[in-house]
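Some notes on the structure that comes next.
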Amino acid sequence: MSDKPSEAAPVDKEDNWGYDLYPERRGEAARAKWWQIALFGAGQTNVEKTTCERNVYNCFENSPLVKLMYSALKASGCEIDLRRHIACEVCDVSVSGGYDPKLNQIVVCQNVVRNKGIIQGILTHEMIHMFDACRHQLDFKNIHHLACTEIRAANLTHCSFMSAMFQGDASPFRIRKQHAECVKMKALGSVMAVRPDVTKEEALAAIDKVFTKCYNDLEPIGRRIRRNSADMIRAYEEKGNYGYE
């Protein structure tokens, strides 16, 4: 699906944050470990890629959130071309997807995710990063910019009361805070994954500094998506309110 060059361009070490999680981004051929092959059937690269690309295409055709994000990006002058901007690749098993701001590409980890529902979440999450980069000229080297876009992506696509409970990100005795708490923990994990040079304390400080502003910014979805609700459909139907067709 991706038309990126077969050999990755040289990248300065200080710009290479997170690339160790995506070996194909470094021009390396990823190899599945024996236990990944035995337990998860990994290693069938061509089959995995074809399945991943079909699932991605299905999401662009049928997912209200993905279609909404596509419309928002197009209206912002950053229309997505599936072959150019979405890449199914083999990744480190600790991640399921990512956004490469240098190539302006979304990576879907074909060896990790095989479920269309999960791929929908990955695409929407990463398309929020792409939207922020398009609309706000994000500098991903800036820890506060990175923290803000991770807060927004977690806020709009990841956290709900149930997901927070299952992941241990919230307490049932603090109902009013559980969603914000989940968002902070999700954002922290994402910042730490791509910025190994940053300590947990530094990442938390950056998240806290920008949290209120970024947490309250619901564009372009317009609402926090609740689990097992019609929020995705409502958000898609309301896209015209934001000028997205």
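In what follows, residues are counted from 1 in the order of the sequence shown. Since we're looking at a predicted model, the values are computed, not measured.
Salt-bridge formation is detected for the pair Asp197/Arg195: a Lys NZ or Arg NE/NH1/NH2 atom is positioned less than 4.0 Å from an Asp or Glu carboxylate oxygen. A salt bridge links Lys184 to Asp208: one of the charged nitrogens lies within less than 4.0 Å of a carboxylate oxygen.
The CD atom of Gln120 lies 3.5 Å from the OG atom of Ser63; values are rounded to the nearest 0.5 Å. The distance from the CD atom of Glu150 to the NZ atom of Lys186 is 8.0 Å, given to the nearest 0.5 Å. Between the NZ atom of Lys213 and the SG atom of Cys148 there is a distance of 7.0 Å, given to the nearest 0.5 Å. From Gln110, atom CD reaches atom CD of Glu48 across 5.5 Å, with rounding to the nearest 0.5 Å. Between the CG atom in Leu73 and the CE atom in Met69 there is a gap of 5.0 Å [rounded to 0.5 Å]. If you take CD1 on Ile119 and CZ on Arg54, they are separated by 12.5 Å, rounding to the nearest 0.5 Å.
Pairing each heavy atom of Cys59 with each of Leu123, the nearest pair is CB-CD1, 3.7 Å. Listed here is the closest heavy atom pair of Ala206 and Ile143: CB-CG1, 3.7 Å. Of all the heavy atoms in Cys91 and Val95, the pair that sits closest is CB-CG2, 3.9 Å. Of all non-hydrogen atoms in Ala187 and Ala154, the two that sit nearest each other are N-CB, 4.5 Å. Heavy atoms only, all atoms of each residue included: Ile122 and Ser96 are closest at CD1-O, 3.3 Å. Contact between Val191 and Ala203 at its shortest, heavy atoms only, is CG1-CB, 4.0 Å.
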For this session: Take Ile106 and Met127, measure what side-chain contact (heavy atoms from CB on, under 4.5 Å) needs, and give me the verdict at the end.
Result: CA-CA 7 Å; Ile106 291 168; Met127 288 169 84; 3.4 Å; yes
Exercise. Can Leu65 and Tyr236 be said to form a side-chain contact (heavy atoms from CB on, under 4.5 Å), step by step?
Worked result: CA-CA 7 Å; Leu65 281 183; Tyr236 179 72; over 6 Å; no
For this session: Start with the C-alpha distance between Ile80 and Met130, add both sets of side-chain angles, then the distance that settles side-chain contact (heavy atoms from CB on, under 4.5 Å), and finish with yes or no.
Result: CA-CA 10 Å; Ile80 284 183; Met130 185 178 278; 3.7 Å; yes
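Listed for the Arg114 side chain is no donor-acceptor partner under 3.5 Å among the backbone atoms of Thr51. Under a 3.5 Å cut-off, the side chain of Arg152 and the backbone N or O of His129 do not form any donor-acceptor pair. Between the side chain of His125 and the main chain of His158, no donor-acceptor pair closer than 3.5 Å is present.
Contact check for Phe211 versus Ile151: side-chain heavy atoms found under the 4.5 Å cut-off. The shortest distance between side-chain heavy atoms of Cys109 and Val90 does not fall below 4.5 Å. Under the 4.5 Å side-chain criterion, counting only non-hydrogen atoms from C-beta, Ile225 is not in contact with Thr157. The shortest distance between side-chain heavy atoms of Val56 and Cys88 falls below 4.5 Å. Taking 4.5 Å as the limit, every side-chain heavy atom of Asp100 sits out of range of all side-chain heavy atoms of Asn104. Looking at Leu188 and Met192, their side chains come closer than 4.5 Å, going by heavy atoms from C-beta outward. Using a 4.5 Å cut-off on side-chain heavy atoms (C-beta onward), His179 and Asn155 make contact. With a 4.5 Å cut-off on side-chain heavy atoms, Glu53 and Tyr57 do not count as touching.
No continuous path of ILVMFWY side-chain contacts below 4.5 Å connects Ile233 to Ile221, so the two sit in separate hydrophobic clusters.
Annotation: Leu218, atom CG; neighbour count of heavy atoms from other residues, nucleotides and ligands within 6.0 Å is above 12. The environment of NZ in Lys67 is crowded: more than 12 heavy-atom neighbours from other residues, nucleotides or ligands sit within 6.0 Å.
Checked against the 6.0 Å centroid threshold, His85 and Tyr70 do not count as a close aromatic pair.
In summary, the side chains of Tyr244 and Glu238 do not present any donor paired with an acceptor at a separation below 3.5 Å, with no hydrogens or angles considered.
The aromatic rings of Phe140 and Tyr99 lie tilted to each other, with the angle between the two planes from 30° to 60°. Phe131 and His136 have perpendicular rings, their planes meeting at more than 60° on a 0 to 90° scale where under 30° would count as parallel.
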